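Have a look at the structure below, then the notes.
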Amino acid sequence: MLTRAPKGTKDILPEETWKWQAIEKTAADICSEFGYREIRTPVFEHTELFQRGVGDSTDIVRKEMYTFTDKGDRSITLRPEGTAGVVRSYVENGMASLPHPVKLYYFMTIYRYEKMQKGRLREHHQFGVEVFGPEGPGADVEVICLLSMLFDRLKIKGVKLRINSIGCPKCRPVFRETFIKYLEPLYDDLCDACKTRYNINPMRIMDCKSETCSNIVKGAPSVTDYLCRECAVHFEGLKAGLENMGIVYTLDRNIVRGQDYYTRTVFEFVSDNVGAQGTVCGGGRYDGLVAECGGPSTPGIGFGLGMERLFLEMDSCGCPPPGEEPQGPAVYIAVTGREADAAACKLACELRKAGISAETDLMGRSLKAQMKYADKIGAAYTIVIGSSEMDSGSGEIKDMKTGITMSIQISADKIAEIIREERND
RNA sequence: GUGGGUAUAGCUCAGUUGGUUAGAGUGCCAGAUUGUGGCUCUGGAGGUCGUGGGUUCGAAUCUCACUAUCCACCCCA
C-alpha cells in the first residue's frame with residue numbers, strides 16, 4: 001500500500017517530463033498565437049457545480065465522481081471535467097464584464113472513478129480551451145482550427161475530425177419526441193443498457209456500440225434533419241468555415257457526448273491507435289451553461305484533449321516529441337582529496353552564475369567513480385581539482401567525447417570562455 | 001458494474017513430471033598498485049516467488065479466495 005500509487009494513477013518520471021513540457025509549450029504557444037490566456041482553477045469544486053453543469057443524468061455524475069464530505073460538512077468533488085470549473089470562475093470573477101470574446105486555455109488533472117484500461121485512467125491530464133461570447137460558428141471553426149494546428153505542429157496524422165450538431169433547447173425536444181416515437185415499437189430489441197437510457201437519456205442510445213442497437217439507430221431519424229432554422233444555419237456555417245480553412249471532417253450524427261450542457265456543435269478527434277478509447281479530444285458548444293451556473297446568458301464553446309491519449313497516439317505513429325531531451329551538465333568538477341571539496345563547490349557555483357551548467361561530487365566517492373558518474377550523466381567536460389590545482393591555480397579540462405585534455409587556468413571565467421568557444425565550433 | 005489474460009530482483013525475463021541454499025541478463029555499489037570515464041574482468045548488495053488459505057513428507061510450480069495489473073464491454077479524454 002505504502003509503495004504503490006493508487007489505482008488508476010501514474011507517475012510521470014524525469015525521462016518523460018521533458019516531453020510533457022515540450023508538448024505543453026507547443027500547445028501554449030499556439031494558444032497565445034490565437035490570443036488565448038491561461039487559467040488555473042481548483043482541483044476540487046462544490047459537488048453541486050458538476051451536478052448542475054454536467055448534468056445529473058450523465059454517467060460522469062451518476063457513477064464516476066470522486067465525491068467526499070469535508071470537515072466543514074460540504075460536499076466536495078474532484079473535477080471530473082474541465083469546463084464547469086472554468087465557467088464557475090468566469091461567472092464568479094465577473095469576466096462577463098471583460099471585452100468579449102473571453103478566450104481561455106488550461107492544463108489540468110481530471111478525476112473519474114473508472115475501471116482502468118488502455119488510454120483510461122482515474123487521474124488523467126487534459127489540455128483544453130474555452131471561448132465565451134461568440135454566438136456564430138466562427139468560434140467553433142477557430143477552436144477546431146487551433147486543434148488542427150496543434151496536431152499539425154506535433155506531426156500527428158492519424159487523428160480524424162468528426163462533427164455533428166445536436167440542436168438547441170428549442171429544436172432538440174422535437175427531435176427527441178420523434179426519436180422516442182421511432183424507438184417505442186423497437187424497445188424490446190434494445191440492449192439492457194439502452195432500455196435504461198430510453199427512460200433517462202434516450203439520445204445516448206445513438207452512440208451505443210451493440211450491433212442490434214446500432215442497427216436500430218441506423219434506421220432512426222437524424223438529429224440534423226430536425227434542427228431549427230438557427231441551428232441549421234449555424235451548422236452550415238461551421239461546415240463552410242472548416243472547408244474554407246481546408247480542414248477535413250466527417251459528419252457523424254451519432255456523436256452525442258457525455259455532458260448534458262452541449263448545444264448545437266459537438267465534435268471529436270478520434271484515432272485507432274489509443275486502444276478502444278478512440279477519442280483523443282472532444283468538445284462542443286454550450287450556449288446555456290453560463291446561465292445555468294448563475295451567470296448572464298452567454299454562449300460558449302470549448303474542448304478537452306486527453307494528454308495521455310495524445311502520447312499514445314504519438315508513440316504509436318512514431319512522432320518524435322518536440323524539443324530536446326535534457327543533456328548532462330557542461331562541466332563535471334571531480335575532486336581528489338577532500339580538502340578540495342570547498343573549492344569545487346565554489347567553482348561550480350561560479351560557473352552556474354556564468355550560465356554554464358556544472359555539477360560536483362556529493363557522494364564522497366573516489367576519483368574513478370566520479371569520472372564514471374560524469375560519463376553516465378553525459379557531462380561534456382570534466383575538471384579534476386586536488387591539492388596541486390589548488391596550489392598552482394591551473395589544471396586540465398577534459399573533453400569527454402574525444403578524451404582530449406588541455407591545460408587551463410582554474411577560474412570560472414576562463415572555463416566558461418573555453419566552453420563557449422568550443423560550443424561555437 | 002461484467003468478462004478474459006498476467007503476477008518470480010529496480011527493469012526484462014528463465015525456473016524441467018512438485019524436490020531441499022530461487023537463477024540469468026541489465027542496472028546499482030566496490031575493486032583490478034598510488035590523481036581520470038567508455039571496453040574487459042572480479043566481487044557485493046538486492047527477492048517473505050503479489051497476499052492469505054488448502055492439497056502434499058515437500059509448493060515459485062497444483063488448488064481456492066483476495067488484491068494488483070493489462071485488455072475488452074460499458075463510458076469517456
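What you see is a predicted model; the values in this text were computed from it and never measured. Proteins come first, then strands; the chains are lettered A, B, ... in the order of their sequence lines, and each starts at number 1.
- Nearest to the side-chain atoms of A:Met116 among the listed nucleotides B:C70, B:A68, B:C76 stands B:C70.
- At a cut-off of 3.5 angstrom, counting only N and O atoms as typed in the model, there is no donor on one side facing an acceptor on the other between the side-chain of A:Glu64 and the base of B:C74.
- A donor and an acceptor atom never sit less than 3.5 Å apart when one is taken from the side chain of A:Arg120 and the other from the base of B:C71.
- Across all strands shown, B:A77 remains unpaired; no Watson-Crick or G-U wobble contact has both distances below 3.5 Å.
- Note on A:Thr58: nothing from the nucleic acid sits closer than 4.0 angstrom, heavy atoms only.
- Proximity of A:Lys368 to the phosphate of B:G35: no side-chain N or O atom is located under 4.0 Å from OP1 or OP2.
- As judged by a 4.0 angstrom heavy-atom cut-off over every strand, A:Leu121 is placed among the base-contacting residues.
- When heavy atoms are screened at a 4.0 angstrom cut-off, A:Gly275 is found touching the sugar-phosphate backbone but no base atom.
- Within the 4.0 angstrom heavy-atom criterion, base atoms lie near A:Gly403.
- For B:G37, there is no paired base (Watson-Crick or G-U wobble, both distances below 3.5 Å).
- B:U6 and B:U61: their C1' atoms are spaced 16 Å apart (whole Å).
- Applying the 3.5 Å distance criterion, the base of B:U69 shares no donor-acceptor pair with the side chain of A:Lys7.
- In summary, the side chains of A:Asp140 and A:Thr265 do present a donor paired with an acceptor at a separation below 3.5 Å, with no hydrogens or angles considered.
- Taking each heavy atom of A:Ile30 and A:Leu146 in turn, the nearest pair found is CG2-CG, 3.9 Å.
- Each of B:C70, B:U36, B:C76 was ranked by its minimum atom distance to the side chain of A:Val384; first place goes to B:U36.
- Considering only the side chain of A:Ser387, B:G35 comes nearest among B:C73, B:G35, B:G37.
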